[in-house]
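The structure appears right after this line, and notes come after that.
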Amino acid sequence: MFNTLDYNFIKLDELYSQPLEISWLIEDVIPSNSIGMIYGASGSGKSHIILSMAAMIANGLPWFEKDTEQGNVLVLAGEGLSGLSRRFKAIEIEHGITINQERLFISNRAIGIDTDKGYKQVEKAINELDEPPQLIIIDTLSRHLMQSEENSNDDMARFINRLEDIRLKYECTIILVHHTGKSASQGARGASALKANIDFSFEVEGKDKKCSFTCDKMKDADDELATKYFEIKSVELGQDTSKGKPITGACVIKTDKAPSFKISKKSNEELALECFKPSAKEWKNTYVAQCTDAINDDSKASQFRRAKKKLFETGKIRENNGGTYSIT
């Protein structure tokens with residue numbers, strides 16, 4: 001086996017010595033030792049789908065009738081840990097399993113993997129584990145970028161190269177969870193270099209707790225995979241709130257019935273939340289770049305300011321002492 005960490009040239013017989021058969025993390029769905037993306041609109045169900053994959057890979061159980069390769073799973077989370085806790089508990093209850101706590105690890109916060117400092121912190125945390133990861137989930141891409149622009153082909157190409165270093169070092173699969181643009185029909189938002197430089201891609205479309213999971217790229221295997229359909233099921237977690245109401249979580253369950261829905265246009269507040277950046281200037285510029293309304297940039301900037309004000313009023317955003325912003 002040649003050393004993939006060093007840059008060098010190999011002979012053809014060394015190339016031929018590599019297995020021709022594809023190794024799968026999830027049979028026919030997620031290749032081993034690869035980089036890919038699952039994307040969809042906010043609330044479409046993409047995070048529910050990826051967390052169900054994480055749980056089954058950690059336990060070595062089939063993911064909706066597809067065999068998995070058991071291994072360590074790292075979830076680089078950009079959302080609150082309490083929400084993740086409810087989702088994983090819902091998976092355990094719905095599927096009658098106990099998730100292997102020695103195989104599943106969740107980050108305590110988002111981090112800028114595109115920065116030297118953030119990259120080194122992630123690498124250090126991985127090296128402290130007893131075993132290297134089989135799967136790394138980055139949920140979401142935007143929450144783990146601190147100095148890169150999603151719309152820049154150069155930035156996204158550099159970011160994927162950085163993920164390639166992680167993939168090669170640990171021989172793992174990395175899945176980015178990403179958003180569509182304001183128009184879902186335009187696919188994953190941001191630079192074309194993102195999709196061009198990854199190995200696989202799946203689109204999640206969803207509404208009213210129903211969603212579809214469709215392959216739109218599989219570089220080294222058949223991408224004509226049958227679309228999978230899911231429902232997002234509410235699950236009682238066996239505890240009550242202080243007011244006596246049942247605490248619930250949610251997880252995806254498989255359905256054979258294709259959902260009938262149209263993806264509605266995102267509100268300006270939803271787009272502003274998806275485009276969130278701690279810096280006000282970067283946040284506004286990202287919103288203007290992602291907004292597909294047929295108006296000029298000045299109008300888009302005004303639209304952004306109104307959306308930001310609404311997010312403040314509804315308590316979804318707060319301003320920090322240093323002039324930066326945070327999602328509450």
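All of these numbers come straight from a predicted model, not from anything done at the bench.
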* Asked: What heavy-atom pair brings L163 and I174 nearest, and what distance separates the two atoms?
  -> O-CD1, 3.4 Å
* Stepwise side chain to side chain contact (heavy atoms under 4.5 Å, CB included) test for M218 and L225 -> CA-CA 9 Å; M218 188 68 70; L225 299 177; 4.2 Å; yes
* Can you list the steps and then say if Y170 with D165 is a side chain to side chain donor-acceptor pair (under 3.5 Å)? -> CA-CA 9 Å; Y170 302 107; D165 290 340; over 6 Å; no
* **From I253 atom CD1 to T255 atom OG1, the distance as rounded to the nearest 0.5 Å** => 7.5 Å
* Asked: Can you list the other members of the hydrophobic cluster that holds Y229, where links are side-chain heavy atoms under 4.5 angstrom apart?
  -> none
* To do: Please answer: with hydrophobic residues joined when any side-chain heavy atoms are less than 4.5 Å apart, are L84 and I93 in the same cluster?
  => no
* Which residue pairs satisfy the salt bridge (charged side-chain N to carboxylate O under 4.0 Å, His left out) criterion with at least one member in residues 58-78, sequence neighbours excluded? -> D28-K66, E65-K254
* Does NZ or CZ of R162 fall inside the cone over Y119's six-membered ring, less than 6.0 Å from its centre and within 45° of the axis? -> yes
* Go through the steps to decide whether D216 and K195 satisfy the test salt bridge (charged side-chain N to carboxylate O under 4.0 Å, His left out), and finish with yes or no. => CA-CA 10 Å; D216 62 9; K195 187 173 179 180; 3.3 Å; yes
* Could you tell me whether the side chain of E231 reaches within less than 4.5 Å of the side chain of K210, counting heavy atoms only? => yes
* Would you find a donor on one side and an acceptor on the other, under 3.5 Å apart, between the side chain of K300 and the backbone of C291? -> yes
* Flag, side chain of N153 to backbone of A191, donor-acceptor distance under 3.5 Å -> no
* S234: what forms a side-chain contact (heavy atoms from CB on, under 4.5 Å) with it, not counting sequence neighbours? -> T248
* Look only at the side chain of K217 and the backbone of M37, and say whether a donor-acceptor pair between them is shorter than 3.5 Å. => no
* Asked: What pairs meet the salt bridge (charged side-chain N to carboxylate O under 4.0 Å, His left out) rule with one or both residues in residues 99-113, with sequence neighbours excluded?
  -> R103-E131
* With a 4.5 Å heavy-atom cut-off, do E269 and K308 have their side chains touching? -> no
* Joint cluster assignment, M146 & I166, ILVMFWY side-chain distance < 4.5 Å -> no
* Evaluate the side-chain proximity of N33 to S23: yes if any heavy-atom separation is below 4.5 Å, no if none is. => no
* Please report the closest heavy-atom contact between L237 and G249, naming both atoms and the distance. => CG-N, 3.6 Å
* Asked: Taking the side chain from T324 and the backbone from N320, do they hold a donor-acceptor pair closer than 3.5 Å?
  -> no
* Asked: Less than 4.5 Å apart, any side-chain heavy atom of E27 and any of T68?
  -> no
* **Distance, nearest 0.5 Å, that separates CG of D130 from CG of N72** => 8.5 Å
* Nearest-0.5 Å distance that lies between atom NE2 in H178 and atom CD1 in I138 -> 12.0 Å
* How would you list, by chain and number, every residue that makes a side chain to side chain donor-acceptor pair (under 3.5 Å) with T115, sequence neighbours excluded? -> none
* Flag the pair I91 / L51 as yes when at least one side-chain heavy-atom distance between them is below 4.5 Å, and no otherwise. => yes
* What heavy-atom pair brings A110 and H144 nearest, and what distance separates the two atoms? -> CA-NE2, 3.7 Å
* Between E123 and K169, does at least one N-O distance fall below 4.0 Å, as a salt bridge requires? -> yes
* Whether Q239 side chain and I247 backbone form a donor-acceptor pair below 3.5 Å -> no
* Heavy-atom pair with the smallest gap, counting every atom of S42 and E274 -> CB-OE2, 2.8 Å
* For residues V204 and C211, report the shortest heavy-atom separation together with the two atoms involved. => CG1-CB, 4.1 Å
* To do: Starting from V288, walk the hydrophobic network (Ile, Leu, Val, Met, Phe, Trp, Tyr; side-chain heavy atoms closer than 4.5 Å) and list everyone else you reach, by chain and number.
  => none
* Asked: Passes side chain to side chain donor-acceptor pair (under 3.5 Å), S212 versus T227? Steps please.
  -> CA-CA 7 Å; S212 61; T227 297; over 6 Å; no
* Which residue pairs pass the side chain to side chain donor-acceptor pair (under 3.5 Å) test with at least one member in residues 86-96, sequence neighbours excluded? -> E94-K233
* Asked: Any side-chain heavy-atom pair from L25 and P31 closer than 4.5 angstrom?
  -> no
* Got a sec, which residues hit ring-ring contact (aromatic ring centres under 6.0 Å, His included) with F202, two or more places apart in sequence or on another chain? -> F213
* **Point-to-point distance, once rounded to the nearest 0.5 Å, from CD of E150 to CZ of F159** => 10.0 Å
* Asked: Given the rule that I, L, V, M, F, W and Y join up when any side-chain heavy atoms are under 4.5 Å apart, are W63 and V235 in one cluster?
  -> no
* For F304, all residues meeting ring-ring contact (aromatic ring centres under 6.0 Å, His included), sequence neighbours excluded -> W283, Y287
* What pairs with D220 under salt bridge (charged side-chain N to carboxylate O under 4.0 Å, His left out), at least two apart in sequence or on another chain? -> none
* Asked: Between I160 and I35, which heavy-atom pair has the shortest distance, and what is it?
  -> O-CD1, 4.2 Å
* Any side-chain donor paired with an acceptor under 3.5 Å for D114 and S148? -> yes
* Structure fact -> The side chain to side chain donor-acceptor pair (under 3.5 Å) partners of S279 (sequence neighbours excluded) come to none
* Asked: Linking I/L/V/M/F/W/Y whenever any side-chain heavy atoms sit under 4.5 Å apart, do V252 and I97 land together?
  -> yes
* **Spatial distance of atom OG1 (T173) from atom CD1 (I136) [nearest 0.5 Å]** => 9.5 Å
* Within 6.0 angstrom of K310 NZ, more than 12 heavy atoms from elsewhere -> no
* Please tell me if the side chains of Y39 and V177 come closer than 4.5 Å, counting only heavy atoms from C-beta onward. => no
* Between Q290 and N151, does any side-chain donor sit less than 3.5 Å from a side-chain acceptor? -> yes
* Asked: Does S152 use its side chain to pair, donor to acceptor, with the backbone of E149 at less than 3.5 Å?
  -> no
* Any donor-acceptor pair under 3.5 Å linking the side chain of N100 with the backbone of N59? -> no
* Asked: CG of N268 to OG of S302: how many Å apart, nearest 0.5 Å?
  -> 11.5 Å
* Flag, side chain of T241 to backbone of K243, donor-acceptor distance under 3.5 Å -> yes
* Asked: Quick one: do R167 and E171 make a salt bridge, cutoff under 4.0 Å?
  -> no
* For W24 and S32, run side chain to side chain donor-acceptor pair (under 3.5 Å): C-alpha distance rounded to whole Å, both residues' side-chain angles, the deciding distance at 0.1 Å, then the answer. => CA-CA 5 Å; W24 296 100; S32 301; over 6 Å; no
* Asked: Considering residues at least two apart in sequence or located in another chain, which fulfil the side chain to side chain donor-acceptor pair (under 3.5 Å) criterion with N108?
  -> none
* Is the F276-Y325 ring centre distance short of 6.0 angstrom? -> no
* Should L74 and L129 count as side-chain neighbours, where that means a heavy-atom distance under 4.5 Å? -> yes
